[in-house]
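As structure tokens, the structure follows; a few thoughts come after it.
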Amino acid sequence: MIAPTTAPARAHTPPDWWQDAVIYQVYPRSFADSDGDGCGDLAGVRSRLGYLRDLGVDALWISPFYTSPQADGGYDVADYRAVDPVYGTVGDAEALIADAHALGMRVIVDVVPNHCSDRHPWFLQALHEGAGSPLRARFHFRPGRGPDGEEPPNDWISLFGGSAWTRTTDPDGTPGEWYLHLFAPQQPDLNWDSTAVQDEFRCILRFWLDLGVDGFRIDVAHGLVKAPGLPDLGRYEQLDLLGEQLVPYFDQDGVHEIYRSWRSLLEEYPGQRIAVAEAWTRSLDRTARYVRPDELHQAFNFKFLNAPWDAARLRELIATSLEAMRAVDAPTTWTLSNHDVIRHATRYAEGDPALGLRRARAAALLMLALPGSAYLYQGEELGLPEVTDIPDEVRQDPAFHRADGGNGMRDGCRVPLPWSGTGAPYGFGPVPGGPAWLPQPPEWAGLSVEAQTGDPRSVLELYRSALRVRRTDPALGAGRSVEWLDLAPGVLAFRRDSDQGAVVCAVNTTGEPVRVPGDVLGTLLLASADEPQVAQDSGDVLLPADSAGWWRSS
Ligand code: GLC
Ligand code: MG
């Protein structure tokens, strides 16, 4: 049964839905658990679709739910066409997609083409057949260097710490070749020179497209092609998780041919199926190459995610982003958090959670006022902070457990969501007192969906209001540019025009209230903090510290 909606219909629809879609990332393990095993699942997601529809998002991106030993939270796929029993069945996926469509939302799923699981039948068989088997050409197997091949074939370092190579044992028990894994050893990299690999992924895309998905988020889209000969890096320091260094295994020109072929595959299907690249590149211009007209539709804008809370820096970055994407006529994307980074309420906090939350609220209004498409990460609409005190013995991030992994703290943004009630698992699972795969902090009782619903000061109601305005106001949503307003130092402000009027967004990134001219702003639509005061005499508006607002302007 589908309940009546509280989210307004869109007042304006761009020609392509993805030009300005608000896409909500579901990390399925932590979203909602229907069967009480402590792990979120697809039936759980399905049961909460009404919540997402009422929140006002256009689409869901669901992180991997495929058959997987879960060495890296499902980003180690053993069967790309099957659902892991922890999450349900392919039938559940189909039902979820159908229900989402009935509620007017699209569904994007992850595809993980850079690597598979070490339990994938291809890898198991390649191991079993030994050196020289043609099946090994689907991966990067190499003999070792040094006496008896004891040294790895090159000096590449895994993003999760340690060497990017692991030595195999031959069927007769003697040490054998090495294989490449840019991530965990349980994630062997696929060799994209192999036509078997190329064909297999085309079939995988078709499988999910036939099942009804509206598109794909491409994991490590910048990593598929490696520089010929796998040359040494020549440096030995630990690289950042998906950092921005120029390295022989990221952002190689050869990846673009793959995406051109995927684009034509997507276009064979009706209904505007899309793909969004997770591509960490050195510059926005390099990112723009992934969204040229015959390639992918969107790419994540990680520069925005990493930007400091500073009006001038944000303005420069937003302007550069819009310019880079305008050059290829693609929408810019905006995202503040995902399952790999510290939640932005904590990132912005500088040790003061209340400050972090004020900035997070303001950042949401900034992001949702910008032209293009926005990605929300589950729980940010509740203002969830990063959980920083998870006991080591329950941590699951593989990078945490790799000897010298530098970035192994991703569990803190993956703690199961609080939905309702006063005791764990706060409605995440069906049984009060039941399990949750990571412990939830007791303060989360006050952050649950139930606790925030109807409270006009809550983060949840701020997101609901912002998404409602965005859906109905033609000045917001799709676009390629903004008109910058110079109101005061420390204030980021811009105007977006439409034939039915304009919206002004102003963000005070300073820790002090700032006075700005009221006639430039107009009538207040929405504020992230207390309503800005208007001076009786001058009409000036006092923007509270670390806050943002939207105004309707003539
Ligand atoms: C992507 C995913 C991350 C995963 C990695 C390896 O960056 O977002 O969670 O660990 O790829 O698949
Ligand atoms: Mg479950």
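For ligands, and for the atoms within them, numbers begin at 1 and follow the listed sequence.
At a 4.0 Å cut-off, at least one heavy atom of Arg414 sits close enough to ligand 1 to count as contact.
Taking each of His181, Arg217, Glu278 in turn, the one with a heavy atom nearest to atom 7 (O) of ligand 1 proves to be Glu278.
Contact annotation: for Phe160 versus ligand 1, heavy atoms closer than 4.0 Å belong to the side chain alone.
The distance from ligand 1 to the heavy atoms of Arg410 drops below 4.0 Å at these ligand atoms: 3 (C), 4 (C), 9 (O), 10 (O). Atoms of ligand 1 found under 4.0 Å from any heavy atom of His115 (numbered from 1 in listed order, with element): 6 (C), 12 (O). Of all atoms in ligand 1, listed by their number and element, those nearer than 4.0 Å to a heavy atom of Val220 are 1 (C), 11 (O). The Asp219 neighbourhood of ligand 1 comprises atoms 1 (C), 2 (C), 6 (C), 7 (O), 8 (O), 11 (O), 12 (O), with distances under 4.0 Å to a heavy atom of that residue. Interface atoms of ligand 1 facing Asp72, defined by a heavy-atom separation under 4.0 Å, are 4 (C), 5 (C), 6 (C), 10 (O), 12 (O).
Under the 6.0 Å distance and 45° angle rule, Arg142 does not count as a cation-pi partner of Trp165. Stacking of Arg202 on the aromatic ring of Trp262 is not recorded, the 6.0 Å distance cut-off and the 45° axial limit not both being met.
Counting only heavy atoms from C-beta outward, the side chains of Trp334 and Thr332 approach each other to under 4.5 Å. In this structure the side chain of Ser283 reaches within 4.5 angstrom of the side chain of Arg286, judged on heavy atoms.
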- Query: Run the side chain to side chain donor-acceptor pair (under 3.5 Å) check on His222 and Thr281 step by step: do they pass?
  - Reply: CA-CA 8 Å; His222 55 310; Thr281 65; over 6 Å; no
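Other residues, nucleotides and ligands contribute over 12 non-hydrogen atoms within 6.0 Å of the CG atom of Leu230.
To the nearest 0.5 Å, atom OG of residue Ser34 and atom CG of residue Asp92 are 8.0 Å apart.
The N, O or S atom of Asp37 lying closest to the Mg ion (ligand 2) is OD1. Closest approach between the Mg ion (ligand 2) and any N/O/S atom of Asp41 involves OD2. Residue Asp33 approaches the Mg ion (ligand 2) most closely through its N/O/S atom OD1. For Asp35, the N, O or S atom closest to the Mg ion (ligand 2) goes by the atom name OD1.
For the ring pair (Phe, Tyr, Trp, His ring centres under 6.0 Å) test, residues two or more places apart in sequence or in another chain that qualify with Phe201 are Tyr80, Trp192.
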